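Worksheet: the structure to be examined is printed underneath.
Please read all numbers here as calculations on a predicted model, not as lab measurements. In what follows, every heavy atom counts, from backbone to side chain, and hydrogens, waters and symmetry copies are set aside. Sequence positions, counted from 1, serve as the residue numbers for this chain. Counting starts at 1 for both ligands and their atoms, following the listed order.
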Amino acid sequence: MSRPVRFNIHPTETKIANAISVAEAPEGYAGEGFFSARLSDVVGLARKNSLWPLPFATSCCGIEFMATMASHYDLARFGAERVGFSPRQCDLLMVMGTISKKMGPVVRQVYLQMAEPRWVIAMGACASSGGIFDTYSVLQGIDQIIPVDVYIPGCPPRPEAVLDGFMKVQELVGQESIRRRNSEQYKALMNSYGIE
Ligand code: SF4
């Protein structure tokens with residue numbers, strides 16, 4: 001017996017074109033059959049809508065991130081559904097959870113294995129500042145070992161806060177000049193962390 005296909009069809013007619021949000025084009029000049037814009041803006045537009053996160057989850061905040069990835073909040077809407085555990089292919093390190101001093105070198109090694117350009121989110125109080133664990137064994141914020149672009153407050157942050165932090169990173173990525181990673185300031189930042 002064949003499957004009743006009427007159950008697979010949405011009862012109200014929807015126009016897919018109305019349900020898709022299109023990324024805004026960067027500032028530039030448009031005319032009949034042409035569009036010109038700054039290369040940095042076009043690269044930024046592509047990068048910010050195709051971030052590949054690497055979730056480095058060690059505790060409760062990781063569970064909140066799972067909720068953010070799931071269907072209700074759906075991080076895929078931001079072009080970031082390709083969560084990976086291979087540092088060489090990801091460009092957004094999301095550190096979520098308590099990072100002990102023993103774990104610090106591992107976080108740092110993962111960061112170093114990521115190719116440029118790379119960005120970092122510290123999600124939750126623990127990753128940002130050690131949180132409630134003001135003890136001898138816990139790192140008091142991952143910015144002691146790697147540079148952080150966005151901090152998400154909360155213990156744990158709600159998925160809305162995670163999405164907000166993600167959108168802040170998208171803003172940074174979209175506005176970043178393609179020359180930034182070769183600049184003296186960036187090299188000085190890396191040197192301050194002992195990274196060549
Ligand atoms: S910030 Fe709070 S919820 Fe997140 S890992 Fe630390 S203790 Fe857990």
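A heavy-atom separation below 4.0 Å is found between Gly97 and ligand 1.
Separation of atoms CZ (Phe65) and SG (Cys60) is listed at 15.5 Å; rounding is to 0.5 Å.
Near Ser59, meaning under 4.0 Å from one of its heavy atoms, ligand 1 places the atoms 5 (S).
Looking only at protein heavy atoms, the nearest one to atom 2 (Fe) of ligand 1 is Cys155 SG, 2.3 Å. For atom 4 (Fe) of ligand 1, the closest non-hydrogen atom on the protein side is Cys61 SG, 2.3 Å.
Metal site remark for atom 4 (Fe) of ligand 1: Cys60 contributes no N, O or S atom at a distance under 2.8 Å. Among the backbone and side-chain atoms of Cys126, none of the N, O or S atoms lies under 2.8 Å from atom 8 (Fe) of ligand 1.
Contact check for Cys90 versus Arg82: side-chain heavy atoms found under the 4.5 Å cut-off. Residues Met114 and Pro87 meet the side-chain proximity criterion, which asks for heavy atoms closer than 4.5 Å. The closest side-chain heavy-atom distance from Met96 to Val162 is not below 4.5 Å.
By the 6.0 Å and 45° rule, Arg88 does not stack over the aromatic ring of Trp52.
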